[in-house]
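Before any comments, here is the structure.
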Amino acid sequence: MKKLIFSTSSYFQDISLAILRIGAALLMLTHGWPKIANFSTYLVKFSDPIGLGPAISLQLAIFAEFFCAILLAFGFLTRLSLIPLMITMSVAAFIAHADDPFGSKEKPLLFLLIFIFLFFAGPGKYSVDSQIKK
């Protein structure tokens, strides 16, 4: 029991990275897929937080929240796929919801924190990136 509680084994670290990476990616997919499935509905109400126009802003959000999330789940090009996700969550938290109460910013900030952690920690042993590195 003591071994389990106080272990610093790389096995537990790699399992933890895989769980966090896959879990965050799957949760992010739940934000990206509805934007794809209901593109025309979202296009009408989607804001233009950085001045590129609502259509381009929506397409960039879909790219990050759906396609980059799939790459993240597999751990393929992990750090590269995290950059659009971190940008999207930063825009959501600090620009799109800048004047909103903290509760509206909480979810994008939590995702941003996870993505920053994964960016520095890397995908772990149980990822496509790790297999390619071998």
Side-chain angles (χ1 to χ4, degrees):
M1 185 67 167
K2 186 176 179 183
K3 230 182 209 184
L4 179 65
I5 294 172
F6 297 106
S7 174
T8 57
S9 164
S10 65
Y11 170 76
F12 288 117
Q13 292 171 357
D14 289 323
I15 288 290
S16 299
L17 283 172
I19 291 169
L20 183 63
R21 190 186 77 244
I22 294 166
L26 293 177
L27 289 170
M28 185 52 59
L29 282 170
T30 66
H31 294 275
W33 176 249
K35 289 179 177 88
I36 293 173
N38 305 305
F39 184 81
S40 56
T41 305
Y42 272 91
L43 187 56
V44 174
K45 64 180 181 178
F46 204 77
S47 65
D48 182 20
I50 54 176
L52 297 174
I56 293 175
S57 295
L58 178 58
Q59 291 167 358
L60 289 172
I62 288 170
F63 172 72
E65 294 176 0
F66 187 76
F67 296 105
C68 290
I70 290 172
L71 294 174
L72 180 62
F74 287 106
F76 181 61
L77 302 173
T78 305
R79 288 190 170 107
L80 197 58
S81 67
L82 282 164
I83 293 169
L85 286 164
M86 290 187 292
I87 292 169
T88 301
M89 292 302 104
S90 296
V91 168
F94 301 117
I95 298 173
H97 296 289
D99 297 330
D100 295 349
F102 180 75
S104 298
K105 301 174 193 180
E106 189 173 3
K107 194 183 298 183
L109 287 172
L110 185 57
F111 273 116
L112 179 60
L113 182 67
I114 291 168
F115 296 150
I116 290 170
F117 174 83
L118 288 170
F119 186 83
F120 287 113
K125 181 179 174 183
Y126 305 110
S127 65
V128 174
D129 288 348
S130 176
Q131 298 306 311
I132 291 172
K133 188 178 174 184
K134 287 181 182 178

Would a single hydrophobic cluster contain both [Y] and [X], if residues Ile, Leu, Val, Met, Phe, Trp and Tyr are joined by side-chain heavy-atom contacts under 4.5 Å?
X: Ile70; Y: Ile132; result: yes
X: Phe67; Y: Ile22; result: yes
X: Ile15; Y: Leu20; result: no
X: Phe66; Y: Leu71; result: yes

* Asked: Any idea which heavy atoms bring Arg21 and Ser127 closest together, and the distance?
  ->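 The answer is NH1-CB, 3.8 Å.
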* Asked: Quick one: CG on Leu58 to CD1 on Ile36, what's the gap to the nearest 0.5 Å?
  ->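 If I round to the nearest 0.5 Å, the distance is 9.5 Å.
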* Asked: Roughly how far, to the nearest 0.5 Å, is CD of Gln59 from CZ of Phe46?
  ->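 The CD atom of Gln59 is 10.5 Å from CZ of Phe46, to the nearest 0.5 Å.
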* Pairs in or reaching into residues 42-57: which pass side-chain hydrogen bond (donor to acceptor under 3.5 Å, both in side chains), with residues at least two apart or in two chains? ->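 Found Asp48-Ser57.
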* Asked: Under the salt bridge (charged side-chain N to carboxylate O under 4.0 Å, His left out) rule, what pairs show up with a residue in residues 83-99, not counting sequence neighbours?
  ->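 Those involving residues 83-99 do not exist here.
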* Over 12 non-hydrogen atoms of neighbours within 6.0 angstrom of CZ in Phe74 ->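 Result for CZ/Phe74: open.
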I'd like a table of donor-acceptor pairs (distance under 3.5 Å, sequence neighbours excluded) in which one partner is a side-chain atom from residues 81-95, with atom names and distances.
from	atom 1	to	atom 2	distance (Å)
Ser81	OG	Leu77	O	3.2
Ser81	OG	Thr78	O	2.9
Thr88	OG1	Pro84	O	2.8
Ser90	OG	Met86	O	2.8

Going by atom type alone, with no hydrogens or angles, which donor-acceptor pairs under 3.5 Å involve a side-chain atom of residues 102-119 and a protein atom two or more places apart or on another chain?
from	atom 1	to	atom 2	distance (Å)
Lys105	NZ	Ala98	O	3.0

* Asked: Taking the side chain from Ser16 and the backbone from Phe12, do they hold a donor-acceptor pair closer than 3.5 Å?
  ->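 Pair found, side chain donor or acceptor close to backbone of Phe12.
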* Non-neighbouring partners of His97 that pass ring-ring contact (aromatic ring centres under 6.0 Å, His included), sequence neighbours left out ->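 ring-ring contact (aromatic ring centres under 6.0 Å, His included) list for His97, sorted by chain: empty.
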Without placing hydrogens or testing angles, list every side-chain donor-acceptor pair under 3.5 Å for residues 23-35, not counting sequence neighbours.
from	atom 1	to	atom 2	distance (Å)
Thr30	OG1	Leu27	O	2.5
Lys35	NZ	His31	O	3.2
Lys35	NZ	Glu65	OE1	2.7

